[in-house]
Amino acid sequence: MDIRSMTLEELKKTVAKEGEKPFRAGQLYDWMHRKLAEDYGQMTNLPAALRERLSAKYPLTALKLIDMQQSGIDGTRKFLFALGDGNLVESVWMKYKHGNSVCISSQVGCKMGCRFCASTLDGWERNLLPSEMLGQIYSIIRATGERVSNVVVMGTGEPLDNYENLLRFIRLLTDENGLNISQRNVTVSTCGLVPQMKRLADEKLSITLALSLHAATDEKRKELMPVARTWCLDEVMEACSYYFARTGRRMTFEYALVGGVNDTVEDAGRLSALAKPLHAHINLIPVNPIRERTYRQSGRAQIEVFKNKLEKNGINVTIRREMGRDIDGACGQLRRRHISEERCGLTE
Ligand code: SAH
């Protein structure tokens with residue numbers, strides 16, 4: 001296993017196998033997860049011989065920054081990183097009044113096939129390791145020189161399709177010996193993988209679970225999200241109420257408003273009926289049109305009518321501020337542009 005994905009306990013065992021004292025594990029952990037060292041060379045309080053042995057056995061790879069775009073509108077920054085094997089992932093840094101938030105990817109590509117999403121167009125390549133999810137945050141902290149208080153797993157990939165690595169990532173991210181980010185400030189977004197949602201409910205975490213709902217009937221949901229053919233709304237809602245019952249944490253329902261598809265007053269009524277018993281918070285997102293599809297945003301007035309209907313029904317609702325519209329805003333667009341530019345470069 002890669003060393004930056006190890007818990008402190010596992011690191012202690014690894015260090016013991018090397019014939020070293022347990023306190024060396026604490027030092028190593030501190031360098032990797034608090035001081036955010038990129039290589040062993042920086043770990044100056046460890047004996048040089050140990051550093052050499054470790055780097056031969058457990059290579060420490062940092063993500064390589066390939067591109068960064070900064071929004072002229074709101075300061076949002078998009079980062080494109082290369083992983084050790086050359087695969088590309090993107091992450092987003094957003095500045096809010098209450099602190100800085102990072103949105104990370106959990107997989108290289110995605111196999112879920114949501115119709116409006118750019119991340120899934122080239123299919124799925126592989127899962128990210130815990131260290132690669134952490135690495136996106138660590139690299140952004142180094143690049144911006146600022147603290148991060150919130151983490152959302154809403155970039156490319158389906159986090160619950162990479163369950164074990166996601167859990168380990170959350171434990172390391174919120175560990176008091178690392179960045180020590182509060183679990184309450186961590187949000188995981190899923191397209192609705194029912195068995196994993198229930199499993200997550202039993203983990204005793206206090207993170208927020210967001211469900212990408214996007215439609216309030218099975219018929220409409222199936223049109224937008226292939227996963228709805230595997231799990232019907234009844235099953236997904238049952239998993240949500242299990243999550244709420246087990247954790248006491250209110251869920252967020254994400255709802256991308258697509259003009260002429262899911263934005264009628266009747267849709268808002270059905271959505272209210274789903275959210276009400278769960279006390280779920282609804283986050284309305286004007287769909288971010290991607291070049292490859294013809295979906296368009298609902299008009300401003302339509303969005304207001306939709307929101308008012310929810311509010312009248314006593315639902316807690318916000319309209320997602322569109323951050324970084326001027327910088328390949330939608331999930332997966334920056335990565336896709338780079339991949340196709342590389343391809344074009346090769347064929348020239
Ligand atoms: N796979 C997870 C997390 C990644 S997607 C999930 O489905 O939740 C993060 C969020 O962005 C999801 O709600 C997704 O549906 C939404 N999304 C993807 N493409 C979008 C687009 N073009 N416009 C608006 N929201 C989009």
Side-chain angles (χ1 to χ4, degrees), residues 78 89-92 94 101-124 127-128 133 136 151-163 165-166 169-170 186-194 196-197 200 207-216 220-228 230-231 236 239-240 243 251-259 261-263 271 280-298 303 318-325 327-337:
K78 263 211 154 184
V89 291
E90 61 179 79
S91 330
V92 186
M94 289 159 288
S101 184
V102 171
C103 173
I104 64 149
S105 296
S106 56
Q107 296 179 318
V108 179
C110 185
K111 51 176 109 135
M112 297 298 138
C114 297
R115 297 286 298 157
F116 45 81
C117 181
S119 292
T120 198
L121 291 168
D122 289 315
W124 176 86
N127 283 332
L128 293 192
M133 292 187 242
Q136 296 169 59
V151 171
V152 295
V153 189
M154 274 193 197
T156 297
E158 169 48 48
L160 298 190
D161 185 41
N162 184 13
Y163 192 90
N165 288 340
L166 174 80
F169 158 75
I170 294 171
V186 177
T187 299
V188 170
S189 179
T190 179
C191 62
L193 303 183
V194 167
Q196 289 94 320
M197 286 169 72
L200 190 66
I207 60 167
T208 299
L209 181 60
L211 170 72
S212 297
L213 190 54
H214 304 324
K220 288 196 185 191
R221 199 158 186 264
K222 277 182 202 164
E223 261 177 52
L224 294 171
M225 307 173 73
V227 69
T230 309
W231 307 109
V236 177
C240 291
Y243 191 87
M251 288 192 53
T252 298
F253 288 170
E254 289 156 279
Y255 196 96
L257 283 161
V258 188
V261 175
N262 62 2
D263 61 348
L271 178 57
H281 174 101
I282 294 182
N283 205 349
L284 296 176
I285 316 163
V287 78
N288 203 335
I290 56 174
R291 278 182 293 274
E292 295 79 359
R293 304 269 188 257
T294 54
Y295 293 123
R296 58 175 177 83
Q297 289 191 351
S298 310
I303 296 178
T318 45
I319 299 178
R320 163 104 49 96
R321 260 170 68 207
E322 290 172 80
M323 310 278 282
R325 282 230 60 180
I327 51 165
D328 288 322
C331 311
Q333 287 193 159
L334 176 60
R335 171 169 172 264
R336 241 180 101 68
R337 190 165 56 72

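As the structure lists them, so they are numbered: ligands from 1, and atoms in each ligand from 1. As the structure is a prediction and not an experimental result, all values here were calculated from the model.
- Closest heavy-atom approach to atom 15 (O) of ligand 1 among the candidates Arg115, Met112, His214, Glu254: His214.
- Look at Met154 and you'll find a heavy atom under 4.0 Å from some atom of ligand 1.
- Checked against ring-ring contact (aromatic ring centres under 6.0 Å, His included), Phe253 has no partners two or more places apart in sequence or in another chain.
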* Asked: Would Phe169 and Leu128 satisfy side-chain contact (heavy atoms from CB on, under 4.5 Å), going step by step from the backbone distance to the final call?
  -> CA-CA 10 Å; Phe169 158 75; Leu128 293 192; over 6 Å; no

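- Interface of Cys191 with ligand 1, defined as ligand atoms under 4.0 Å from a residue heavy atom, comprises 6 (C), 7 (O), 8 (O).
- Heavy-atom proximity to Gly155, at under 4.0 Å, picks out these atoms of ligand 1: 4 (C).
- Put simply, no part of Cys110 is less than 4.0 Å from ligand 1, judged by heavy atoms.
- The salt bridge (charged side-chain N to carboxylate O under 4.0 Å, His left out) test applied to Lys222 returns no partner, not counting sequence neighbours.
- Ligand 1 has a nitrogen or oxygen under 3.5 angstrom from a nitrogen or oxygen of Gly157.
- Considering backbone and side-chain atoms together, Phe116 places an N or O closer than 3.5 Å to an N or O of ligand 1.
- A pairwise comparison of heavy atoms in Asn127 and Asp161 identifies OD1-O, 3.9 Å as the closest pair.
- Taking a cut-off of under 4.0 Å to the non-hydrogen atoms of Asn288, the atoms of ligand 1 that pass are 21 (C), 22 (N), 23 (N), 24 (C).
- Closest of all the heavy-atom pairs between Ala256 and Asn262 is O-ND2, 2.8 Å.
- Put simply, the side chain of His214 does not reach to within 4.5 Å of the side chain of Arg221, judged on heavy atoms.
- Listed here is the closest heavy atom pair of Gln107 and Val89: O-CG1, 4.4 Å.
- When heavy-atom distances to ligand 1 are checked against a 4.0 Å cut-off, Thr156 has no atom that comes that close, whether in backbone or side chain.
- Ligand 1 lies out of reach of Gly192, whose nearest heavy atom is not under 4.0 Å from it.
- When heavy-atom distances to ligand 1 are checked against a 4.0 Å cut-off, Glu158 comes that close through both its backbone and its side chain.
- Closest heavy-atom contact between Arg320 and Pro286: O-CD, 4.0 Å.
- Applying the 4.0 Å criterion to heavy atoms of Cys117 picks out, from ligand 1, the atoms 18 (C), 19 (N).
- Taking every heavy atom of Thr190 and a limit of under 4.0 angstrom, the matching atoms of ligand 1 come to 6 (C), 7 (O), 8 (O).
- Each of Ser106, Ser189, Ser212 was checked for a side-chain contact (heavy atoms from CB on, under 4.5 Å) with Met154, and the lone residue meeting it is Ser189.
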